[in-house]
Amino acid sequence: MALLLEHEFRPLPADKQIETLPFLEAVAHLPPFFDCLGTPIVYSPVKADLAGNIKKIRAVYDSNPAKFKTLQNILEVEKEMHGAAWPRTGATLALMWLKRGLKFMLVLLQSISDGERDEEHPNLIRVNAMKAYEIALKKYHGWMLQKLFMLCSHPTPQGSVYALPYKSDLLKALEKGREVKEEESIEKIHQFVVRVTPILDAIYEMYTRMNAELSYKA
C-alpha cells in the first residue's frame, strides 16, 4: 500500500528498546493518512497534532542524539530533567499524544482488515472509525471534540460535510489513486498493522510501567 508501506518500521527488538530516529523517520510519513479520511474540520486537527508531536520529539532528539537514542531514554532523561512537571512536558507529553493518534489509525485499519462493517451499508467505514475513536481518543477529548466526531460518523440523511469516505474511496486514497483489488489493499493494511502493533504496544507498556500516562482531556 503506497501510503502505509513505503517507509517501513523496524521490527521490535527483544528488549523492546525502540530507537528514536528510525521510529521518527517511519512515523513522519503517516500524517497524510488523515487526509484520506476526508472531513477536514474533524481530522485536520488530528493530523496537525500528529505532525506537531513528531516535530517536538525530533527537536528533543536532535538536541542530543546520544542521550535520546531510544524512546525510553527520552522518558528517563526528561523525568530526571523536569522533576514534578514530568510527564506533562517535553517530548514525553508529545509522544503520549502521538501514540494515541497512532492507536486511532491502527484500530481503524485493524477493524477494516477484520471485515467489521455495517451490514446495511457495507461500503461505509463509520463502524470502523467509531470503534477507533472510542478506543483511542474519546476519553481524552472534551465535549466539543466528541460532538465533532459524532457528526462525522452519523451524517444526516441529506448527507453531511462531516461524512467519512466510502471504504472503496479510502482504499484508493491509500493506494495514492492506483486501481488495486480490494483484497490486495486489505492484505497490505494487514501487513502494516502486524508490523506496527507490537511497536505501539511496547510504547503503551512503557508509559504504564513508568507511570507516565495522563488522562486529562484536550
Criterion salt bridge (Lys or Arg N to Asp or Glu O under 4.0 Å) on E213 and K99, from CA distance to verdict: CA-CA 11 Å; E213 192 64 70; K99 68 179 174 55; 2.6 Å; yes

message: For N53 and L95: C-alpha separation, side-chain torsions, deciding distance, then whether side chain to side chain contact (heavy atoms under 4.5 Å, CB included) applies.
response: CA-CA 7 Å; N53 287 320; L95 181 59; over 6 Å; no

message: Under the criterion side chain to side chain contact (heavy atoms under 4.5 Å, CB included), I'd like the reasoning laid out for L106 against Q110: C-alpha separation, chi angles, the key distance, then a yes or no.
response: CA-CA 6 Å; L106 284 184; Q110 179 73 67; 5.9 Å; no

- request: Any chance you could lay out the side chain to side chain contact (heavy atoms under 4.5 Å, CB included) test for V180 and L171, step after step, and finish with the verdict?
  value: CA-CA 8 Å; V180 177; L171 296 180; over 6 Å; no

- prompt: Given N73 and T70, is the side chain to side chain contact (heavy atoms under 4.5 Å, CB included) satisfied, shown in steps?
  reply: CA-CA 5 Å; N73 291 155; T70 69; 3.0 Å; yes

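Classification of K188 and E175 as a salt-bridged pair holds, one side-chain N sitting under 4.0 Å from a carboxylate O. Contact check on E187 versus K181 returns no salt bridge, with no Lys/Arg side-chain nitrogen under 4.0 Å from an Asp/Glu carboxylate oxygen. Between E78 and K67, none of the side-chain N atoms (NZ, or NE/NH1/NH2) sits under 4.0 Å from a carboxylate O, so this pair counts as no salt bridge. Taking 4.0 Å as the cut-off between side-chain N and carboxylate O, E119 and R117 count as a salt-bridged pair.
Applying the side-chain hydrogen bond (donor to acceptor under 3.5 Å, both in side chains) definition to pairs two or more places apart or across chains, those involving residues 193-205 are K16-E205.
Criterion: ILVMFWY side-chain heavy atoms under 4.5 Å apart, direct or through other members. Under it, M210 and L98 are part of a common hydrophobic cluster. Under the 4.5 Å side-chain contact rule for hydrophobic residues, L170 and Y166 do not share a cluster. Placement of L12 and M105 within a single hydrophobic cluster is found when ILVMFWY residues are connected by side-chain heavy-atom separations under 4.5 Å, directly or transitively. Both L24 and I203 are members of a single hydrophobic cluster when ILVMFWY side chains are connected at heavy-atom separations under 4.5 Å. No continuous path of ILVMFWY side-chain contacts below 4.5 Å connects V107 to V194, so the two sit in separate hydrophobic clusters.
The shortest distance between side-chain heavy atoms of T92 and Y207 falls below 4.5 Å. A heavy-atom distance below 4.5 Å is not found between the side chains of M130 and L108. M206 has its side chain out of reach of E76: every pair of non-hydrogen atoms, C-beta onward, lies at least 4.5 Å apart. Taking 4.5 Å as the limit, every side-chain heavy atom of Q17 sits out of range of all side-chain heavy atoms of L71. The shortest distance between side-chain heavy atoms of H82 and R88 does not fall below 4.5 Å. Side-chain atoms of E25 and H7, non-hydrogen and from C-beta on, never get closer than 4.5 Å to each other. T20 has its side chain within reach of I74: a pair of non-hydrogen atoms, C-beta onward, lies under 4.5 Å apart. Between L75 and W86 the shortest side-chain heavy-atom distance falls below 4.5 Å.
Although no hydrogens or angles enter the test, the distance criterion places no donor-acceptor pair under 3.5 Å between the side chain of D169 and the main chain of P165. Using modelled atom types, one side-chain atom of N123 and one backbone atom of S168 make a donor-acceptor pair closer than 3.5 Å.
P198 and V193 make their closest contact through CD-O, 4.5 Å (heavy atoms, listed as atom of the first residue, atom of the second, distance). Taking every heavy atom of both residues into account, E8 and A26 meet most closely at O-CB, 3.8 Å. Residues A28 and P31 come closest through the heavy atom pair O-CD, 3.3 Å.
Each of K131, R126, K167 was evaluated against E116; a single residue qualifies, K131, per the salt bridge (charged side-chain N to carboxylate O under 4.0 Å, His left out) test.
The line from CD1 of I112 to CD1 of I125 is 5.0 Å long, rounded to the nearest 0.5 Å. Taking SG of C36 as the start and CG of L174 as the end, the distance is 4.5 Å to the nearest 0.5 Å. The CZ atom of F9 sits 10.0 Å away from atom CD1 of I18, with the distance rounded to the nearest 0.5 Å. For the atom pair CG (L21) and CZ (R10), the distance works out to 8.0 Å, reported to the nearest 0.5 Å. Residue F34 holds its CZ atom at 9.0 Å from CG of D49, rounded to the nearest 0.5 Å. To the nearest 0.5 Å, atoms CZ (F68) and CZ (R58) are separated by 14.0 Å.
With a 6.0 Å radius and a threshold of 12 heavy atoms from other residues, nucleotides or ligands, D15 has its CG atom above the threshold.
Judged by the 6.0 Å and 45° rule, K47 forms no cation-pi pair with F33. A cation-pi arrangement is found for R100 relative to Y140, the charged atom lying closer than 6.0 Å to the ring centre and inside a 45° cone about the ring normal.
The closest side-chain donor-acceptor pair between D114 and S111, if any, does not fall under 3.5 angstrom.
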